[in-house]
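Working notes, beginning with the structure itself.
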Amino acid sequence: MSEYLTLGAVLILSIIGHNMTVVYAAVIVLAIKFFGTGEMLNYFGSHGLNFGIIILTAAILVPIANGTVTISNMIDSFKTPIGIVAVIAGLLAAISGGLGVPLMQENPNVIPALIVGTMAGVFFFKGIAVGPLIAAGFTYFVMAIFEHLK
């Protein structure tokens, strides 16, 4: 029962905060949970991240497909400070996300903290809920630094 209350609270806070992405996500998870399809919930939990990354990556590739971004634009991005920083940021985000997945698999106790941090970023700072994966990677980096300094 507490799962419904927690998901309901996330839903209500998302509505109040006008974050429709989290509203839709909460409604989907609540519906799957409510209709008792535990197998589907488990499947979604284990494969949903991959589906989400595929959809997100496809959306990012659309400007290439419609000609808004060209090879010339891509080459030019290496010629400006903001372009260079964006390339480095993309690289670090990809590495961070890649390290975040094993961290969450090996230390599932970190997941609630990642969820709380991501939801706080969404609710109070108008962020977007793509953060848990990258946050897990940042957590990995920070913990590796602390471990190295011991």
Side-chain angles (χ1 to χ4, degrees), residues 3 6-33 40-150:
E3 303 92 11
T6 305
L7 288 169
V10 168
L11 177 62
I12 291 167
L13 289 171
S14 300
I15 292 168
I16 292 168
H18 303 288
N19 192 308
M20 295 312 294
T21 304
V22 179
V23 169
Y24 298 143
V27 167
I28 290 168
V29 173
L30 274 167
I32 293 170
K33 175 85 174 147
M40 185 175 189
L41 191 62
N42 291 335
Y43 182 83
F44 191 70
S46 62
H47 298 291
L49 184 60
N50 290 332
F51 297 145
I53 291 171
I54 291 167
I55 291 169
L56 181 61
T57 303
I60 290 170
L61 294 175
V62 168
I64 296 171
N66 68 20
T68 305
V69 172
T70 64
I71 291 177
S72 176
N73 296 128
M74 290 181 184
I75 292 169
D76 288 343
S77 72
F78 291 99
K79 298 176 183 175
T80 65
I82 194 168
I84 293 168
V85 170
V87 168
I88 293 169
L91 177 73
L92 292 173
I95 292 168
S96 178
L99 295 170
V101 171
L103 176 73
M104 289 188 292
Q105 291 170 338
E106 295 166 10
N107 298 297
N109 58 329
V110 77
I111 294 172
L114 295 170
I115 291 169
V116 169
T118 299
M119 292 297 105
V122 168
F123 297 140
F124 301 118
F125 300 102
K126 298 187 179 170
I128 299 173
V130 296
L133 188 58
I134 296 172
F138 287 153
T139 303
Y140 174 87
F141 285 138
V142 170
M143 296 312 296
I145 289 168
F146 283 148
E147 192 65 31
H148 182 70
L149 294 175
K150 278 186 178 180

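The analysis underlying the following values was restricted to heavy atoms, covering all of them including side chains, and did not include hydrogens, waters or symmetry mates. Residues take their numbers from the sequence shown, with the count starting at 1.
Taking a 6.0 Å sphere around CZ of F141, one finds it holds more than 12 heavy atoms contributed by other residues, nucleotides or ligands. In L91, the CG atom is crowded: over 12 heavy atoms of neighbouring residues, nucleotides or ligands sit closer than 6.0 Å. Counted within 6.0 Å of CE on M74, heavy atoms from surrounding residues, nucleotides or ligands total more than 12; the atom is thus considered enclosed. Around NE2 of H47, the count of heavy atoms belonging to other residues, nucleotides or ligands within 6.0 Å exceeds 12.
Between S96 and I134 the shortest heavy-atom distance is OG-O, 2.9 Å. Closest approach of P63 to A59, counting heavy atoms only: CD-O, 3.6 Å. Of all non-hydrogen atoms in I28 and F44, the two that sit nearest each other are CG2-CZ, 4.4 Å. Counting all heavy atoms, side chain and backbone alike, L7 lies closest to A26 at O-CB, 4.4 Å.
How far OG1 of T139 is from CG of L99: 11.0 Å, rounded to the nearest 0.5 Å. Taking CZ of F138 as the reference point, atom CD1 of I95 lies at 11.0 Å (rounded to 0.5 Å). Rounded to the nearest 0.5 angstrom, Y140 OH and I145 CD1 are separated by 11.0 Å.
No option in V10, I15, I16 other than I16 meets the side chain to side chain contact (heavy atoms under 4.5 Å, CB included) test with I12.
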Worksheet item: Given the rule in the side-chain contact (heavy atoms from CB on, under 4.5 Å) test, do K79 and D76 qualify, once you have shown the distances and angles that lead to the verdict?
Response: CA-CA 5 Å; K79 298 176 183 175; D76 288 343; 3.3 Å; yes
